[in-house]
Amino acid sequence: MTDRTFHPETLLVHGGTLRSQFGETSEALFLTQGYVYDSAEQAEARFTGESPGYQYSRFSNPTVTMFEERMALLEGAEVARATATGMAAVTAAMLCQVKAGDHVVAAKALFGSCRYIVEDLLPRLGVASTLIDGADLQAWKDAARPETVAFFLESPTNPTLELVDIEAVAAIAHAAGARLVVDNVFATPMWQKPMALGADVVVYSATKHIDGQGRCLGGVVLCSQEFLDKHLQTFIRQTGPSMSPFTPGCC
Ligand SMILES: Cc1ncc(COP(=O)(O)O)c(C=O)c1O
């Protein structure tokens, strides 16, 4: 387990390192779908979640765990789950917490595919959405309804660089009984930590600055252990937007 007090520069390189029995200096790629067990009983306990450990790489994989732990350390989040792309992260973060009849409020200045999730996909599944001017704090207050479960915003926005007051919107969301989800792709956790400003869930496209070299696609959702246990882990396990272990080898 990495020391949370390490400087960000150190966390970027060593955060989350899980060294195997071979003592490798660089992180290993665990190219495996499944894992072995000492007994059928142990396998059963792993699959039901009664005993910790890896079961199947759609659920979790040691190489991907290193990337997740590194991102959680950089963000100051309790936990992280990596995904195949940034859009898989946004889709998982939103869909895992809603059901038909719920309502979502979002800033209208969003990356185009995120607009599709909020404006087209959620309503098709019976989740109403309202798009507002993210800079207008009164608009967030006015849009909230008793059935609002989440606020969603991006700040700075890609590519128009519009800014939203994350701290103020988090307070409005919480007063309305909703969670705030922030897409922090543009700023990265090096320059802005939305959870420290009150956000409940943070999403990234790791395809952008986090890879930094234009080589691979990736995404990550950061949240509390409670949100992971209640919403996200089951969604990722059952729907499979998981990150390939090849990806953190590049990121
Ligand atoms: C703000 C923002 N959110 C989400 C995404 C989607 O990420 P990806 O292309 O990795 O699916 C992007 C990609 O440019 C983005 O800029």
Side-chain angles (χ1 to χ4, degrees), residues 12 58 61 63-64 66-68 70-72 74-75 77 80-98 104-122 127 129 131-135 140 150-166 169-170 173 179-195 197 199-223 227 232 235-236 239-251:
L12 280 168
R58 171 157 37 84
N61 168 282
T63 309
V64 176
M66 292 190 238
F67 172 70
E68 292 171 336
R70 184 167 304 152
M71 289 303 301
L74 282 169
E75 189 74 33
R81 277 294 172 272
T83 53
T85 66
M87 283 321 302
V90 173
T91 307
M94 297 309 289
L95 284 191
C96 77
Q97 60 174 313
V98 294
V104 166
V105 185
K108 57 180 165 231
L110 289 179
F111 177 68
S113 300
C114 299
R115 271 283 289 251
Y116 164 81
I117 304 293
V118 173
E119 213 173 7
D120 295 273
L121 185 62
L122 291 181
V127 179
S129 61
L131 287 162
I132 53 137
D133 172 4
W140 290 99
F151 282 14
F152 180 54
L153 65 87
E154 198 184 307
S155 181
T157 59
N158 182 16
T160 51
L161 303 184
E162 282 172 49
L163 298 176
V164 180
D165 184 338
I166 295 175
V169 174
R179 293 183 197 94
L180 175 62
V181 181
V182 174
D183 181 338
N184 198 37
V185 167
F186 210 93
T188 82
M190 299 307 283
W191 302 110
Q192 174 171 269
K193 296 186 196 303
M195 281 184 172
L197 299 171
D200 302 281
V201 179
V202 178
V203 290
Y204 289 100
S205 164
T207 314
K208 301 289 157 5
H209 305 101
I210 290 170
D211 168 46
Q213 312 288 333
R215 298 163 301 189
C216 59
L217 292 159
V220 61
V221 183
L222 297 118
C223 58
F227 185 85
L232 187 64
F235 186 90
I236 288 183
T239 65
S242 324
M243 176 178 269
S244 156
F246 276 113
T247 306
C250 297
C251 275

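Numbers here are sequence positions counted from 1. Counting starts at 1 for both ligands and their atoms, following the listed order.
With contacts defined as side-chain heavy-atom distances shorter than 4.5 Å, the pair F111/V185 does not qualify. S242 has its side chain out of reach of R81: every pair of non-hydrogen atoms, C-beta onward, lies at least 4.5 Å apart. Taking the side chain as every heavy atom from C-beta outward, C96 and F227 approach each other to under 4.5 Å. Within the 4.5 Å cutoff, the side chain of V221 has heavy atoms near those of the L232 side chain.
Sorted by chain and number, the residues within 4.0 Å of ligand 1 by heavy atom are T85, G86, M87, F111, C114, E154, N158, D183, V185, S205, T207, K208, G218.
Residue P248 comes nearest to F67 through the heavy atom pair CB-CB, 3.9 Å, listed as atom of the first residue, atom of the second, then distance. What you find for E75 and Q192 is that their closest heavy atoms are OE2-O, 4.5 Å.
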